[in-house]
Amino acid sequence: MRKQARTEWWERLPAGIREEIDGYVLQDAMFAAVRLVVDVGLVRDDVGVAAAQLIVGDRYAHYGDRIARTPDNPLDVESLAYRAGGAAGRIVAIEALWDGDTMHDWFVRLLAITADPAEEHALATVYARMARRYLEEGGDCGPRHPVGLAAERAGGALAAHLSVPFHFASPDTPDDEAPRWQPVAPSETGR
């Protein structure tokens with residue numbers, strides 16, 4: 001859906017629904033706003049999730065700094081280790097995974113991978129805004145994607161702190177289909 005079509009669609013909405021959507025946007029409740037746009041868009045206009053994300057993105061751009069932003073996850077080793085300490089099971093690896101959407105572009109999720117039970121535990125989501133802030137202390141990232149570099153530094157530092165492997169299959173290029181971490185079988189280690 002093009003910008004002009006989104007603007008026209010927005011202007012056709014009743015004022016009360018526009019206020020409700022904007023209320024979610026101002027609270028940084030992106031998913032609630034997108035869900036509402038999809039719900040009201042399906043009634044008449046067949047607005048799907050992709051178009052709804054663009055419409056809500058327009059509202060985010062409209063309000064800019066007036067949005068009560070959700071706080072960024074901390075990327076310091078102490079905070080990440082504290083979060084990892086809450087994971088059930090023994091941590092066997094730290095993994096970084098690319099993901100993306102039309103609201104945030106590319107971002108990376110840092111996960112603690114556990115055994116007994118075999119699960120993954122969310123530790124942080126690294127968005128562009130927080131990556132740039134995190135990297136300010138470390139200088140220029142050159143041609144690398146700042147989100148990937150920040151996730152690699154934070155995840156690698158946490159893995160070293162916990163003495164477990166760090167896996168990031170595609171640190172230089174966003175790839176949400178990159179191979180996942182696989183534990184090494186005891187027979188492969190020579191035991």
Side-chain angles (χ1 to χ4, degrees), residues 21-37 49-50 52-88 91 93-114 119-162 164-178 180-181:
I21 292 165
D22 279 350
Y24 285 128
V25 168
L26 288 166
Q27 295 172 27
D28 200 18
M30 176 188 56
F31 294 113
V34 169
R35 182 178 45 236
L36 180 56
V37 170
V49 173
Q53 288 178 325
L54 292 171
I55 291 164
V56 171
D58 292 343
R59 303 311 298 160
Y60 267 77
H62 172 78
Y63 284 110
D65 291 340
R66 293 181 8 203
I67 297 169
R69 296 283 181 179
T70 303
D72 291 330
N73 298 135
L75 294 180
D76 63 283
V77 172
E78 183 178 340
S79 296
L80 291 171
Y82 192 84
R83 284 191 168 178
I91 296 175
I94 301 299
E95 184 170 31
L97 297 175
W98 284 103
D99 203 345
D101 60 36
T102 58
M103 302 299 284
H104 297 101
D105 196 21
W106 287 104
F107 54 90
V108 173
R109 296 182 304 124
L110 287 176
L111 307 170
I113 308 299
T114 62
E119 295 178 348
E120 55 187 51
H121 304 273
L123 302 175
T125 303
V126 183
Y127 296 108
R129 174 181 73 208
M130 71 186 294
R132 284 189 290 276
R133 227 178 20 258
Y134 176 77
L135 294 171
E136 281 179 4
E137 301 168 5
D140 182 34
C141 59
R144 297 198 52 200
H145 197 294
V147 171
L149 182 59
E152 183 178 48
R153 286 183 183 171
L158 175 61
H161 176 78
L162 299 175
V164 297
F166 175 63
H167 181 262
F168 194 0
S170 183
D172 297 326
T173 307
D175 181 358
D176 58 356
E177 296 182 8
R180 296 288 309 265
W181 181 80

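Keep in mind it's a predicted model, so treat the numbers as computed, not measured.
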Report the distance from atom [atom1] of [X] to atom [atom2] of [Y], rounding to the nearest 0.5 Å.
| X | Y | atom1 | atom2 | result |
| --- | --- | --- | --- | --- |
| R66 | L26 | CZ | CG | 6.5 Å |
| I94 | I113 | CD1 | CD1 | 7.5 Å |
| I91 | E119 | CD1 | CD | 11.5 Å |
| D72 | R133 | CG | CZ | 4.5 Å |
| R109 | D99 | CZ | CG | 5.5 Å |

Under 3.5 Å: donor-acceptor pair, side chain of E95, backbone of W181:
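It does hold such a pair.
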Going by heavy atoms in the side chains, are [X] and [Y] under 4.5 Å from each other?
| X | Y | value |
| --- | --- | --- |
| I21 | I55 | no |
| V25 | H62 | no |
| W98 | V108 | yes |
| L80 | H161 | no |
| V37 | Q53 | no |
| L135 | R144 | no |

Which heavy atom of [X] sits nearest to which heavy atom of [Y], and what is that distance?
| X | Y | result |
| --- | --- | --- |
| V126 | A131 | CG1-CB, 4.0 Å |
| P171 | E152 | CB-OE2, 3.8 Å |
| H145 | P174 | CD2-CG, 3.7 Å |
| S170 | D175 | OG-CB, 3.7 Å |
| N73 | M130 | O-CE, 2.6 Å |
| A157 | V77 | CB-CG2, 3.5 Å |

Are Y60 and D28 linked by a side-chain donor-acceptor pair shorter than 3.5 Å?
yes
Pairing residues for Y24 by the ring pair (Phe, Tyr, Trp, His ring centres under 6.0 Å) criterion, not counting sequence neighbours
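With sequence neighbours excluded, Y24 shows a ring pair (Phe, Tyr, Trp, His ring centres under 6.0 Å) to no residue whatsoever.
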Is it the case that more than 12 heavy atoms not belonging to Y63 sit under 6.0 Å from its OH atom?
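Counting other residues, nucleotides and ligands, OH of Y63 exceeds 12 neighbours.
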Of L158, L75, T125, which meets side-chain contact (heavy atoms from CB on, under 4.5 Å) against L110?
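For L110, the side-chain contact (heavy atoms from CB on, under 4.5 Å) check succeeds only for L75.
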Once side-chain contact (heavy atoms from CB on, under 4.5 Å) is applied, do any residues pair with D176, and if so which ones, sequence neighbours excluded?
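For D176, the residues satisfying side-chain contact (heavy atoms from CB on, under 4.5 Å) (neighbours in sequence not counted) are W106.
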